[in-house]
Amino acid sequence: MNKDERLVKQIIPKSVDFSRWYTEIIRKAELADYAPIRGMMVIRPYGFAIWENISYLLDKRIKESGHSNAYFPLFIPESYLQKETEHLEGFSPEVAWVTHGGKEELEEKLAVRPTSEAIIGNMYSKWIKSWRDLPVLINQWANIIRWEKVTRPFLRTTEFLWQEGHTAHETYEEAQEETLMILSMYKEFVESELAIPVISGKKTEREKFAGALETYAIEALMSDGKSLQMGTSHNLGQHFSKVFNIRFEDRDQKLQYVWQSSWGMSTRLIGALIMSHGDDSGLIFPPRIAPIQVVIIPISVGNWKENVLPVAQNIESELKYIGVRVNLDAREEFTPGWKFSEWEMRGVPLRLEIGPRDIKGNHAVSVRRDTMDKEIISLDSLKQDVAEILKRIQKSMLEKALRFQLENTHEVQKFEDFKSVLDSKKGLIKAFWCGKQACEEKIKDETMGTIRVIPFKKDKEKAVGNCLFCGEKSDVLVYFARAY
RNA sequence: CGGGGAGUGGCGCAGCCCGGUUAGCGCGCCUGCCUUGGGAGCAGGAGGUCGUCGGUUCAAAUCCGAUCUCCCCGACCA
């Protein structure tokens, strides 16, 4: 039986080898495949459907909060990229360059965008003349190229898809407000749609986006105990407006530089979904994002095509009618048992089994992927029940992930404890930090632990402690973790 | 980019050290029969220039060199 199980699952259990489990499940579940170019992958239909759901649900929020979509060029002239020094230094090691058009060498190299601040800044300088033109609230859905040294499907690929928002405002306060509004929108999105609880806060100077005044991020704890940055929102200050000369005449007729923000989330979110929710049997997708929310498996016995199939088809169309993404697996060449495992591996949140026995009893058997709980539901109330169960799955997946996050968050005072917790239990560690980059750096060198975020102050939290490394008095409590 | 491992039908592997018939095995795939409430069975069949390029040799999956890609562990990042 054990041997059979291995053959059947075709993937290494997550608990045995997390890394291998991660890459194997991506290929076995047909989310993505390796392309013949270093660090590049093909997002296959089942994987792309997740991205489409993410895009749709996120785009709705972006628009509802007043932003419009636009599209900027893939190429950025070298001179533009060079204008913001920090920005250039941050990105130059990973920029891909276009040097030729056909056989002719270009007079000026073109960068394949690693992010679009530069090209957008340039355009904004033409568009913005008066305070009446502000704010500019633009988002773009695009692909990005970053020549990373080490790549992993979805988590870090040479090319990835994302949305990047770029806004311009009259004042620092407005830009800051936008930056934080987006951050909380990201948090809400990831928690309610992806069922992944996140911690949000500010990044340290060291982890800041190249060219930003301040960087904020949402971070989530993956089920192997490592942290993953899932979205970032930057207050760019006037760094880019000064170098791209984005000026406007303000209400007092004075010429001013605009205040900007930029923010993004990427296909990395799919990696986060895989790593936060999956188990030894494969993927588990939260219903809101799942490409297929319900799979119907007809139990093929006897003349099932006459008896069972029509009922299954009826259920399928009823569920479709109420907007459930449903798939009836009526393939003859596979047994029901085979299909059960297959769809479990592929993470479908709810399975409906319907066979002769069920039809006699006017019911179907539902099986939740997240808990494997079986429930017999009446065909008369099937639509409502399925919708209800999907909601419950969504909710309990978030709760489960949150429980995991809390259970794996430890508070430590001493560096010795910090090291042992990081080695044995992993997870997030809350500790005080004096604010000096030297301490941050040394902690990283010794433990591989980095400051993920400086959370926003909560009233009830202890106000002061001692820096984890140097022991100096501090009122900054931060989250450390080993990160992807 | 450093250190380690690996590329052989769709997937997982054996063969390589010690060069020599027609490159094997399991799963999957195709056809037929038979089955089907947790990955059924039998019979027949298809599918490979052994990652790529070059070298050594009468002869290369096997030896040598280069190169590409993947995986793991570090330095860098969404």
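Chain naming here is simple, since letters A, B, ... match the order of the sequence lines and numbering starts at 1 in each.
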Looking only at B:C70, B:C76, B:U36, the nucleotide nearest the A:Thr151 side chain is B:C70

Contact class for A:Ser300 vs. all strands (heavy atom < 4.0 Å): base, sugar-phosphate, or nothing?
-> base

In numerical order, the residues of residues 191-198 of chain A whose heavy atoms come under 4.0 Å of RNA chain B are none

Is A:Asp33 salt-bridged to A:Arg27, cutoff N-O under 4.0 Å?
-> yes

Answer with base, sugar-phosphate or nothing: what part of the nucleic acid does A:Leu228 contact at a heavy-atom distance below 4.0 Å?
-> nothing

Which listed nucleotide (B:U36, B:G74, B:C11) is nearest to the side chain of A:Arg27?
-> B:C11

Quick one: label A:Tyr484 by what it contacts on the DNA or RNA (base, sugar-phosphate, nothing), any heavy atom closer than 4.0 Å.
-> base

Kindly point out which of B:C73, B:C76, B:C70 is positioned nearest to the side chain of A:Ser19?
-> B:C73

Kindly point out which of B:G38, B:C71, B:G37 is positioned nearest to the side chain of A:Arg351?
-> B:G38

From the options B:A40, B:G37, B:C76, select the nucleotide whose nearest atom is closest to the side chain of A:Glu148.
-> B:C76

Quick one: label A:Tyr34 by what it contacts on the DNA or RNA (base, sugar-phosphate, nothing), any heavy atom closer than 4.0 Å.
-> sugar-phosphate

Lys/Arg N to Asp/Glu carboxylate O, A:Glu24 vs A:Lys28, below 4.0 Å | no

Looking at every strand, decide which applies to A:Phe91 at a 4.0 Å heavy-atom threshold: base, sugar-phosphate, or nothing.
-> nothing

Across the strands shown, which category fits A:Glu353 at heavy-atom distances under 4.0 angstrom: base, sugar-phosphate, nothing?
-> base

Touch class at under 4.0 angstrom, heavy-atom based, for A:Thr157 against every strand present | base

Should A:Lys208 and A:Glu205 count as an ion pair when the cut-off is N to O under 4.0 Å?
-> yes

Counting side-chain heavy atoms from CB outward, which of B:C77, B:U36, B:G38 is closest to A:Trp304?
-> B:U36

For A:Glu342, which contact category applies under a 4.0 Å heavy-atom criterion: base, sugar-phosphate, or nothing?
-> base

In whole Å, what separates the C1' atom of B:C11 from that of B:A60?
-> 27 Å

For A:Lys444, report the nucleic acid contact type (base, sugar-phosphate, nothing); a contact means any heavy atom under 4.0 Å.
-> sugar-phosphate

Which part of the nucleic acid, if any, lies within reach of A:Met265 when heavy atoms closer than 4.0 Å are counted: base, sugar-phosphate only, or nothing?
-> nothing

Just one of A:His234, A:Glu117, A:His166, A:Glu178 clears the side chain to side chain donor-acceptor pair (under 3.5 Å) bar with A:Ser262, so which one?
-> A:Glu117

Counting any heavy atom closer than 4.0 Å, what does A:Gly271 reach on the DNA or RNA strands: base, sugar-phosphate only, or nothing?
-> nothing

Assess whether atom NZ of A:Lys187 is packed by more than 12 heavy atoms of other residues, nucleotides or ligands within 6.0 Å.
-> yes

Residues in residues 109-118 of chain A with a heavy atom under 4.0 Å of RNA chain B, by number, are none

Within the modelled atom types, does a donor on one side and an acceptor on the other bring the side chain of A:Glu24 and the base of B:G12 under 3.5 Å apart?
-> no

B:G12, B:C77, B:C72: which one has an atom nearest the side-chain heavy atoms of A:Arg156?
-> B:C77

Please check if the side chain of A:Arg113 supplies one atom and the backbone of A:Asn143 the other of a donor-acceptor pair under 3.5 Å.
-> yes

N-O pairing of A:Arg368 and A:Asp370 below 4.0 Å = yes

Between A:Lys203 and A:Glu219, is there a side-chain N and carboxylate O pair less than 4.0 Å apart?
-> yes

